[in-house]
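Please read the structure below before turning to the comments.
Computed from heavy atoms alone, side chains included, the values below leave out hydrogens, waters and symmetry copies.
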Amino acid sequence: MLFKAVGLIVILCTCTAAGFLKAVSLKNRLEGLKTIKNGLSKLKERLRLHGGDKQRLINACFSSPPETLSDLKKSDKALWCEFLSDFGKGDTQQECDRCKAYISLFEGLITTAAGEYNEQQKLYKSLGFLSGVFICIFFL
């Protein structure tokens, strides 16, 4: 009986943790998108003020490459890679305008991700807990 109770508690905790981890991944995506947007804003300002070597500017504006952010969707990473693919091929003014355009694109993604986070975080947490309760009842 003791082993069964411990097993049920482990199942409940595991399901609840899975729901919380999914909610955390939504928040991490939102934070990753904000990091990219802030880095693009810094990059735009540095381009506008200094110009110079484009690769050095990217390294200075982003502490870690956004490709390493694991919670971003494939479409988010594809948008970032699209920005990088043509970066440095124009003059400074074109690059500033390009940064502005991508900042607005990432702001739209941030708005969408914030809405998803607000709507779905409670759902995932509740769903994880309730699925754990259901499985525990099933095994009783």
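- Between Glu119 and Leu123, every side-chain heavy-atom pair lies at or beyond the 4.5 Å cut-off.
- No salt bridge links Lys42 with Glu45; every basic N to acidic carboxylate O contact stays at or beyond 4.0 Å.
- The distance from the CD atom of Gln93 to the CG atom of Leu47 is 10.0 Å, given to the nearest 0.5 Å.
- Both Ile103 and Leu79 sit in one connected hydrophobic cluster of ILVMFWY residues. Membership requires side-chain heavy atoms under 4.5 Å apart, directly or through other members.
- Minimum heavy-atom separation, Ser131 to Gly128: OG-O, 2.9 Å.
- Interatomic distance, Leu33 CG to Leu105 CG, rounded to the nearest 0.5 Å: 11.5 Å.
- No side-chain heavy atom of Lys27 sits less than 4.5 Å from a side-chain heavy atom of Asp71.
- Relative to the ring axis of Tyr124, Lys22 places its NZ or CZ within 45° and under 6.0 Å from the centre.
- Atom OG of Ser75 sits about 6.5 Å away from atom CG of Leu109, to the nearest 0.5 Å.
- When all heavy atoms of Arg29 and Ala113 are compared, the pair lying nearest together is NH1-CB, 3.4 Å.
- At least one side-chain heavy atom of Cys99 sits less than 4.5 Å from a side-chain heavy atom of Phe83.
- The main-chain N or O of Asn118 is never found under 3.5 Å from a side-chain atom of Gln121 such that the two would form a donor-acceptor pair.
- Every residue two or more places apart in sequence or in another chain that forms a side-chain hydrogen bond (donor to acceptor under 3.5 Å, both in side chains) with Tyr102 is listed here: Glu82.
- Considering all non-hydrogen atoms of both residues, Phe106 and Lys37 come closest at CB-CB, 4.4 Å.
- Summarising the geometry, atom NZ belonging to Lys34 is positioned 4.5 Å from atom CG belonging to Leu30; distances are rounded to the nearest 0.5 Å.
- Within the 4.5 Å cutoff, the side chain of Leu72 has no heavy atoms near those of the Trp80 side chain.
- Note that CG of Leu40 and NZ of Lys100 are 13.5 Å apart. Values are rounded to the nearest 0.5 Å.
- Shortest non-hydrogen contact noted between Ile11 and Ile135 is CG2-CG2, 3.5 Å.
- Leu57 approaches Arg46 most closely through the heavy-atom pair CD2-CB, 3.9 Å.
- Salt bridge absent: Asp76 and Lys73 never bring a charged side-chain N and a carboxylate O closer than 4.0 Å.
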